[in-house]
K.L.:
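Structure below; questions to follow.
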Amino acid sequence: MPALRASLMSDVSLLLNILWIIFGGLWMAAGWFIAAIIMAITIVGIPWARAAFNIALYTLLPFGQTAVSRVEYTGREDIGTGPLGVLGNIVWLALAGWWLALAHLLHAIVFAATIIGIPFAWAHLKLAGMALWPIGKTILPTEDPTFRHHR
């Protein structure tokens, strides 16, 4: 029964991801890619570029995945989850995070206006939160058994 449930969930996630891409997810992922490219060009922005590229991929296919703190997942701090990560997130918020979060928030409001758009609104709200504080996060499949073990 669990295999059937996982298969069903992956089919639902696939359908939602296809609809997501058609109804604006591609544009939001492009926004994340543009932010990543701009950060990479500056050389000093490479740590932010890496986080933005990872989240761009998450933004492209958000259903069936979740973002979690690396500390929560691994059980230990690293450079992105400690004080330097906090500083990096503050810089990110000032340079790119606020406008990506605003774009996700505006999309969420539009999608929430319809009943059928509520799953997309919820995904945009999760991504808006990611846009504000992305460093120190990792993207995992929703059904990752190793993450459930760490909870």
Side-chain angles (χ1 to χ4, degrees), residues 9-10 12-144 146-148 150-151:
M9 291 303 290
S10 64
V12 171
S13 294
L14 176 64
L15 176 63
L16 287 171
N17 280 324
I18 290 169
L19 291 172
W20 171 266
I21 290 169
I22 292 169
F23 292 111
L26 183 63
W27 293 111
M28 291 308 301
W32 280 95
F33 277 118
I34 290 168
I37 290 168
I38 290 170
M39 292 292 180
I41 288 171
T42 66
I43 305 297
V44 296
I46 288 175
W48 295 280
R50 182 173 178 259
F53 274 122
N54 289 336
I55 298 168
L57 294 174
Y58 177 46
T59 303
L60 190 60
L61 303 169
F63 296 98
Q65 299 186 82
T66 188
V68 297
S69 166
R70 282 197 310 268
V71 169
E72 188 178 338
Y73 181 63
T74 64
R76 59 184 168 77
E77 284 194 7
D78 59 36
I79 195 165
T81 59
L84 287 177
V86 171
L87 180 61
N89 275 319
I90 291 169
V91 171
W92 169 264
L93 179 64
L95 297 178
W98 68 270
W99 63 267
L100 286 166
L102 180 63
H104 281 296
L105 182 61
L106 293 174
H107 278 82
I109 291 168
V110 170
F111 279 113
T114 68
I115 292 173
I116 198 164
I118 290 174
F120 302 115
W122 183 248
H124 275 296
L125 289 176
K126 289 192 314 185
L127 288 162
M130 284 288 297
L132 295 174
W133 211 257
I135 297 173
K137 303 278 190 207
T138 190
I139 311 300
L140 300 172
T142 305
E143 298 297 323
D144 185 336
T146 59
F147 180 60
R148 271 199 221 135
H150 285 89
R151 285 187 191 181

K.L.:
If you look only at pairs with a residue in residues 37-62, which of them pass as a ring-ring contact (aromatic ring centres under 6.0 Å, His included), with sequence neighbours excluded?
P.N.:
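Listed once each, the pairs are F33-F53.
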K.L.:
So, the side chain of T142 versus the backbone of Q65: is there a donor-acceptor pair under 3.5 Å, distance only?
P.N.:
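Checked: pair present.
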K.L.:
Any idea which heavy atoms bring A96 and A35 closest together, and the distance?
P.N.:
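Distance-wise, the nearest heavy atoms are CB-CB, 4.5 Å.
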K.L.:
Just verifying a value: how many Å separate L127 CG and L100 CG, rounded to the nearest 0.5 Å?
P.N.:
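Atom-to-atom, L127:CG and L100:CG are 10.0 Å apart.
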K.L.:
Determine whether L140 and V68 make a side-chain contact, defined as any pair of heavy atoms from C-beta on separated by less than 4.5 Å.
P.N.:
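In contact.
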K.L.:
Who passes side chain to side chain contact (heavy atoms under 4.5 Å, CB included) against W27, sequence neighbours left out?
P.N.:
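Not a single residue meets the side chain to side chain contact (heavy atoms under 4.5 Å, CB included) criterion with W27.
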K.L.:
How many angstroms lie between atom CD1 of I55 and atom CE of M28, to the nearest 0.5 angstrom?
P.N.:
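Output value for this atom pair is 11.5 Å.
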K.L.:
I need the full list of salt bridge (charged side-chain N to carboxylate O under 4.0 Å, His left out) pairs touching residues 16-38, with sequence neighbours left out, sorted by first then second residue.
P.N.:
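Those involving residues 16-38 do not exist here.
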K.L.:
Extract all donor-acceptor atom pairs below 3.5 Å that involve side chains of residues 114-124 and protein atoms in other chains or at least two apart in sequence.
P.N.:
from	atom 1	to	atom 2	distance (Å)
T114	OG1	F111	O	3.2
T114	OG1	G117	N	3.1
H124	ND1	H104	ND1	3.0

K.L.:
I90 and W133: which non-hydrogen atoms are nearest, and at how many Å?
P.N.:
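Between these two residues, the closest heavy atoms are CG1-CH2, 3.9 Å.
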K.L.:
Name all residues meeting the side chain to side chain donor-acceptor pair (under 3.5 Å) criterion together with T138; count only those two or more places apart in sequence or in a different chain, and write none if there are none.
P.N.:
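Result, side chain to side chain donor-acceptor pair (under 3.5 Å) vs T138: none returned.
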K.L.:
Determine which pairs satisfy salt bridge (charged side-chain N to carboxylate O under 4.0 Å, His left out) with at least one residue from residues 54-71, sequence neighbours left out, and list them in order.
P.N.:
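Output for this query lists R70-D78.
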K.L.:
Say you draw a straight line from CD1 of I46 to CD1 of I43; how long is it, rounded to the nearest 0.5 Å?
P.N.:
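Rounded to the nearest 0.5 Å, the CD1-CD1 separation comes out at 4.5 Å.
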K.L.:
Give every residue pair that meets the side chain to side chain donor-acceptor pair (under 3.5 Å) criterion with at least one member in residues 87-98, sequence neighbours excluded.
P.N.:
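Found none.
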K.L.:
Only counting residues at least two apart or in another chain, list the ones meeting side chain to side chain contact (heavy atoms under 4.5 Å, CB included) with L93.
P.N.:
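Checked L93 against side chain to side chain contact (heavy atoms under 4.5 Å, CB included); matches are L132.
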K.L.:
Mind checking what makes side chain to side chain contact (heavy atoms under 4.5 Å, CB included) contact with L95, not counting sequence neighbours?
P.N.:
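L95 satisfies side chain to side chain contact (heavy atoms under 4.5 Å, CB included) with M39, V91 only.
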K.L.:
Hey, what do you get for CG (L87) to CD1 (I135), rounding to the nearest 0.5 Å?
P.N.:
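Here the interatomic distance stands at 9.0 Å.
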K.L.:
Can you list everything that forms a side chain to side chain contact (heavy atoms under 4.5 Å, CB included) with L105? Sequence neighbours excluded, please.
P.N.:
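By the side chain to side chain contact (heavy atoms under 4.5 Å, CB included) rule, L105 matches I109, L125.
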K.L.:
Could you grab the distance from atom CD of E72 to atom OG1 of T81, nearest 0.5 Å is fine?
P.N.:
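Output value for this atom pair is 12.0 Å.
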K.L.:
In residues 15-23, what donor-acceptor pairs under 3.5 Å come from side-chain atoms, sequence neighbours left out?
P.N.:
from	atom 1	to	atom 2	distance (Å)
N17	OD1	F63	N	3.0
N17	ND2	S13	O	3.1
N17	ND2	F63	O	2.9
W20	NE1	T59	O	2.6

